[in-house]
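Reckoned from all heavy atoms, side chains included, excluding hydrogens, waters and symmetry mates.
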Amino acid sequence: MNGFYFVLMLTGAVISTALFAARLKKGGKRHALLAAVCACLLGAVGAKALYFLLVLAHDWPSYGLRGLFLFDYYRFSFFGGCLGAVLGVMLYARLAGLDKLAFLDAFAPAGALMLAFARASEYFLDGVNIPGEEMENPLFQRFPFAVINEWEEWYAALFMAAAALALAVCLAGLISKKESRVPGLRMQRTVFYLCLPQVFLESLRSESIKWGFVRAEQVLCAVCMLFVLISLCRAARGMGFWKTYWPVAVDLLCVIVMVGVEFNLDKVFVDVSATVDYAVMWLALLVIAGCECYCVRRRLAKAS
């Protein structure tokens with residue numbers, strides 16, 4: 001593994017912690033630093049543990065428990081690392097007797113920034129987070145749109161797209177003020193919009209954690225978005241079950257559509273191009289985003 005990977009990750013950790021501290025009030029530097037330590041420790045544990053669980057059926061016959069101590073760079077779950085980091089921040093807030101939701105809201109943009117650094121760092125991991133097919137358009141055969149391998153073949157730099165989108169989520173979290181009216185809402189929206197484009201990007205990857213044609217981290221992102229929508233809808237209960245939860249039903253229908261897209265990409269039951277398949281996937285993702293925006297407006301209106 002290239003040492004530059006760790007240098008960029010460390011740089012991201014320092015900058016993200018500084019941003020976190022700046023967003024906190026009393027004792028910001030101390031709380032941000034200690035929370036960052038917890039996030040790093042639990043992030044590392046989460047990345048390894050979740051990978052182990054996701055590939056348990058495949059790796060257990062060969063490695064058994066020894067699989068927990070195999071540290072090849074591809075034997076970690078990015079989703080697990082993010083989940084562990086958030087749990088680390090929550091654990092610190094609890095131990096320090098802080099308001100958990102307010103602490104998570106302050107952490108949200110900093111967490112998105114760290115995720116952007118983590119994705120950009122994948123540049124230094126050979127063959128990680130790139131698609132299976134070559135980039136054919138000469139206009140994009142250059143960094144940061146693509147990377148070239150030893151055979152002078154260009155492949156889209158999916159990690160840079162993920163980093164740019166995470167940075168956009170960070171900036172949105174810093175600029176938007178309306179979420180501050182509802183404790184925890186900024187964190188929920190940050191998680192949602194980090195997961196949303198990853199459903200698409202994960203589908204393009206040549207190497208990912210798979211169960212057959214099912215990509216595990218793609219499923220986890222979809223589940224995460226579902227939980228956010230359920231949480232937002234629960235806050236609006238009292239309107240009747242259907243009026244309260246219809247966005248969740250729409251989300252589930254869109255997930256079924258995206259499962260069909262993935263199935264078609266793998267087996268080609270409907271003879272259409274990959275571009276059409278991905279256009280359908282993006283349409284479904286935009287509908288899900290529309291449901292989230294509606295739920296947020298409804299939540300903010302109730303908080304007024």
Side-chain angles (χ1 to χ4, degrees), residues 3-48 76-124 159-160 162-198 224 228 231 296 300 303:
F4 288 113
Y5 172 83
F6 293 105
V7 172
L8 189 54
M9 286 287 284
L10 180 60
T11 301
V14 171
I15 295 175
S16 300
T17 302
L19 175 61
F20 188 18
R23 290 180 53 78
L24 293 171
K25 296 180 181 178
K26 186 177 179 180
K29 291 181 181 179
R30 178 172 61 88
H31 289 316
L33 180 58
L34 292 175
V37 171
C38 290
C40 288
L41 292 175
L42 266 69
V45 171
K48 180 70 250 185
F76 291 87
S77 163
F78 195 92
F79 187 96
C82 295
L83 178 61
V86 172
L87 291 176
V89 172
M90 293 174 64
L91 175 63
Y92 176 77
R94 182 179 180 86
L95 294 175
L98 301 173
D99 184 329
K100 183 177 67 175
L101 294 180
F103 201 64
L104 285 173
D105 282 340
F107 169 74
L113 180 61
M114 184 61 226
L115 192 149
F117 272 98
R119 283 301 190 190
S121 298
E122 291 176 340
Y123 173 81
F124 299 108
F159 54 88
M160 290 304 296
L165 290 166
L167 182 59
V169 172
C170 169
L171 294 174
L174 292 173
I175 294 170
S176 180
K177 304 300 180 184
K178 60 185 178 182
E179 286 83 2
S180 59
R181 290 158 50 194
V182 179
L185 183 58
R186 191 181 308 278
M187 186 63 188
Q188 286 182 319
R189 301 205 79 187
T190 298
V191 169
F192 187 91
Y193 284 104
L194 288 174
C195 288
L196 184 79
Q198 194 57 38
C224 209
V228 170
S231 177
V296 167
L300 290 171

Assign the ring pair Phe103 / His31 to parallel, tilted or perpendicular, where the plane angle (0 to 90°) is split at 30° and 60°.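 Rings of Phe103 and His31: perpendicular, over 60°.
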Euclidean distance, [Y] [atom2] relative to [X] [atom1], rounded to 0.5 Å:
X      : Y      : atom1 : atom2 : result
Phe117 : Leu167 : CZ    : CG    : 8.5 Å
Leu196 : Cys224 : CG    : SG    : 11.5 Å
Leu115 : Ser121 : CG    : OG    : 10.5 Å
Ser176 : Leu171 : OG    : CG    : 12.0 Å
Cys82  : Leu194 : SG    : CG    : 7.5 Å
Arg186 : Leu104 : CZ    : CG    : 12.5 Å

Indicate yes or no for a side-chain donor-acceptor contact from Arg23 to the backbone of Ala106 under 3.5 Å, with no hydrogens or angles considered.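 Indeed, once roles are kept as given, a pair shorter than 3.5 Å links the two residues.
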Looking at Ser180 and Lys177, would you say the former's side chain and the latter's main chain have a donor-acceptor pair under 3.5 Å?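 Side chain of Ser180 to backbone of Lys177, a donor-acceptor pair under 3.5 Å: yes, one is there.
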Quick one, [X] and [Y] - any side-chain contact, counting heavy atoms below 4.5 Å?
X      : Y      : value
Gln198 : Phe78  : no
Leu185 : Leu300 : yes
Val86  : Met187 : yes
Met90  : Lys100 : yes
Gln188 : Glu179 : no
Leu98  : Tyr92  : yes

What are the two closest heavy atoms between [X] and [Y], and how far apart are they?
X      : Y      : answer
Pro197 : Leu165 : CB-CD1, 3.5 Å
Thr190 : Ala108 : OG1-CB, 3.4 Å
Val89  : Ala39  : CG2-CB, 4.0 Å
Cys170 : Pro109 : SG-O, 3.3 Å
Thr17  : Ala36  : OG1-CB, 3.4 Å
Gly88  : Cys38  : O-CB, 3.5 Å

Could you please spell out the steps behind the side chain to side chain contact (heavy atoms under 4.5 Å, CB included) verdict for Leu24 and Lys29? CA-CA 8 Å; Leu24 293 171; Lys29 291 181 181 179; over 6 Å; no
More than 12 heavy atoms of other groups within 6.0 Å of Tyr193 OH: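 Enclosed.
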For Arg181, look at atom CZ and say whether over 12 heavy atoms of other residues, nucleotides or ligands are found less than 6.0 Å away.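 Count over threshold, so yes.
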Could you go through the side chain to side chain contact (heavy atoms under 4.5 Å, CB included) check for Leu174 and Leu19 one step at a time? CA-CA 10 Å; Leu174 292 173; Leu19 175 61; 4.1 Å; yes
